[in-house]
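Structure first, commentary second.
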Amino acid sequence: MARGPARRLLSLCSSRKDFTRFRTAFPNKDLLRSDFSNPSRKSPIFAIPLRNFLCAAQFRDLANYRFLSFQRHPFSSLTDNESPSLNSAAPVLESVVSEDDNANDLVPQVTEEDVVNDLGLEPEEPGNKNLDSQKELNFVQIANRDPIEIYRELRDAPRPDKLSKRDWDVLIEVFRGFSKSGWASNQALAVYIGAAFYPTAAHSFRGFFFKKCKTDLVKYLVSLGTGDEADKFLFPIFVEFCLEEFPEEIKRFRVLVESADLTLPHTWFPFARAMKRKIVYHCGPTNSGKTYNALQSFMEANKGVYCSPLRLLAMEVFDKVNGLGVYCSLLTGQEKKHVPFANHVACTVEMVSVDELYDVAVIDEIQMMADPARGYAWTRAFLGLKADEIHVCGDPSVLGIVRKICSDTGDELVEQHYGRFKPLVVEAKTLLGDLKNVKSGDCIVAFSRKEIFEVKLAIEKHTKHRCCVIYGALPPETRRQQATLFNDDNNEYDILVASDAVGMGLNLHIRRVVFYSLSKYNGDKTVPVPASQVKQIAGRAGRRGSRYPEGLTTTLHLEDLDYLIECLKSPFDDVKKVGLFPFFEQVELFAGQFPSITFAQLLEKFAENCRLDGSYFLCHHNHIKKIANMLEKVQGLSLEDRFNFCFAPVNIRDPKAMYHLLRFASSYANMLPVNIAMGMPKCTARNDTELLDLETKHQILSMYLWLSNHFEKDKFPYVKKAEAMAVDIAELLGESLTKASWKPESRNAGKSKKQEKDGGYDRPMSLIKLSQKKKEGALPNGPHQDKRKNAAFDSAASIWNGTGFSQPANINQQTKPDEEVMMGSWHPFDEFSIACKLALRFPEACYV
Ligand SMILES: Nc1ncnc2c1ncn2[C@@H]1O[C@H](COP(=O)(O)OP(=O)(O)OP(=O)(O)O)[C@@H](O)[C@H]1O
């Protein structure tokens, strides 16, 4: 388990005496300032590495950590204003601040005349130089005193000295500032005083100080006034006070933090650390030969593993490598194809074993380390793979962080830089807003399923071209079938209409990539497509060895062209952090602190309290929490079962798929054989609803297969049947897509009529322009209306005892118009809700 610096500090200072020893090593405040505040100079005693202390709930970037270094923000890269620590503890703080009026209770009453000068100084007179220098001398002495001594002196003081009203007022302000100090709150984390507890501790400290105050200290603090200087003077005394007053709170928080410690993740893989690994970074844009070269090393090795971002790509490599005579097995969440005598395996990155020893490993699309949701899988593979040689392929965005990680792990890094085989050319003419201008070999990229079918319909209605389609919800087998159809010269399918799913993994013969739009809905709002994604997708045009070795790219509308060029011209991001997620064992350890909370709450608590180094972020886990919430009702699942079920591949916005997951979990928990309980469609889809049904059914089967590989096999006895059904449905989907000539059902009935008038398809307005116009208020469907609509959808989704998953967008879109949902006359979750409840009570039965 990793050892964080604060932990190390406390383990070094396991007793108060030790801590005192540390502190007395730096009795001189000036010494502390001059030595520790100089980042280039390390403490000879505490050579604590620079690292962050991060409460992931706030995703604070607490950089440049050095305990008690007395820098302005040693723990935080945030400014004072941004510092969230005290805001997060606002209720406690409020009480602290509001009690200032009662602070007089803490000290003997004083009056203006009641001034006693404990320093024995004459009253101040202007120009009294002796007095001034005497004062300065005193202040320097105080500043240089050992804070422990100061604390003890205060602690043992029989009674407080009397203060003047003016000093008293200033002192109140000084302590108010200290209570609010983000710097002090951040520093306090290092001695396990949590952000939530800090205001209480600071309040208590103020009470202590006022009850014991010494005039010389007060004078000194008054001379400093509110601010950093005073905070930094008070802080070590405060720490001393807390160590003595709150040992239990500190211990509790320490145990909590330690059990959620995600620092130094490279130390989690001691075997890999014991190896001297060679990392080869194949760095370049798309279509530059990175994967090709990495696969050469993979195939030449005695034993190799290829880690893919997608099932589809793992399958491609599996086929390709076996085709070249190198026996290779396939391992994805859904399938295990063992090839006899194979020493090689092509797998999805989540499935790679960090226990097995390899000669060569390939990690494709390494920039996915920074993916907000799945990044942890790449990070784990990169840190944990036990391979002599690891080839990573990707764009340069994570090169900097890979260099840094290699310096931490001690791995050798070799960089190989690539350029595109043929430059990508931007066609400035665009399609002038008219899909009739498509040409053979074009790939039209749209960012929603609905748009994909609209485009397909329009092209097939108004031109002689036929379209293949590829989008994320299709099974990999169907995507491959569509890709083969498109690549084949001897048929009429010469146009591809695809979503961003086309950006990775398929070997496609694309002449030109045309962006239907350059904005997409991110689940919350419509946003411009990120430049890195635009590059990745555009880069699919013109592939070496294909019919079109030279690639073109353009947009449907002239007004989107500037953004496309901007994206292609923009340099790759320099990623600063990569993703992490705790292993089950870490979550289990943490769960020991909270025996009576739900799994979803546990994940939340973990996120709030976990510590991460500056190069890592905690991956998004909202979808996991939503599944966890849904499964909360299922009795009899162990923590590990819950953890595993939450990673099942399910579309959380699809109530039908969620229902089946719930049913599977329920049966499993009741020790019943988990059945598929789903009818097989008899024919190809005749409309969009049937097509959607096929997609969902395939996803449910895929989920069943995934679960069968992640739980005891005998609990999932229908694997063979599920595999056969999945193959059949993928075929049906392929056939359905080639025939598909229906209009996708629209949310907005009025819009469909308009489309008819416009010549059969909705000529898309540039969404970037659209959002600009919305901002200017030019369009009637303003943001407030969207808000209302979203609120209606959200409330529709929050049924079923707060399972909390979002609305079934596809059902809303496919079967009922918005208005009905908004009027509350129809509820998409009603049927689902009843089915779920029944599934919980009678898990062996099926209700769909
Ligand atoms: N040396 C080579 N000889 C023959 N074909 C090659 C060679 N290098 C690359 N190719 C072919 O060029 C195409 C692009 O190569 P590759 O997939 O390795 O590029 P890449 O940089 O990994 O791109 P992407 O990131 O888009 O996958 C592939 O079809 C590959 O087979």
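Note that ligands are numbered from 1 as they come in the structure, with each ligand's atoms numbered from 1 the same way.
- Ranked by closest heavy atom to atom 17 (O) of ligand 1, the top entry among K290, Q536, R543, R540 is R543.
- Between Y327 and F341, the ring planes are tilted. Angles from 30° to 60° get that label.
- Under the 30°/60° scheme for interplanar angles, the aromatic rings of F581 and H621 are found to be tilted.
- Nearest-residue assignment for atom 15 (O) of ligand 1 (options G284, G289, P285, G542; heavy-atom criterion): G289.
- Taking a cutoff of 4.0 Å between a charged side-chain nitrogen and a carboxylate oxygen, E389 and R277 do not qualify as a salt bridge.
- Not a single heavy atom of S546 sits closer than 4.0 Å to an atom of ligand 1.
- Of all the listed residues (L313, N287, T286), N287 holds the heavy atom that lies closest to atom 14 (C) of ligand 1.
- Counting heavy atoms only, T291 comes closest to atom 22 (O) of ligand 1 of the residues D364, T291, N293, L508.
- The backbone N or O of H266 lies less than 3.5 Å from a partner atom in the side chain of R273, making a donor-acceptor pair.
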Next item on the list: Check the pair V502, Y471 against side-chain contact (heavy atoms from CB on, under 4.5 Å), reporting the backbone distance first and the verdict last.
Entry: CA-CA 7 Å; V502 82; Y471 52 91; over 6 Å; no
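- Compare Y418, F421, Y292 by their heavy atoms: the one nearest to atom 18 (O) of ligand 1 is in Y292.
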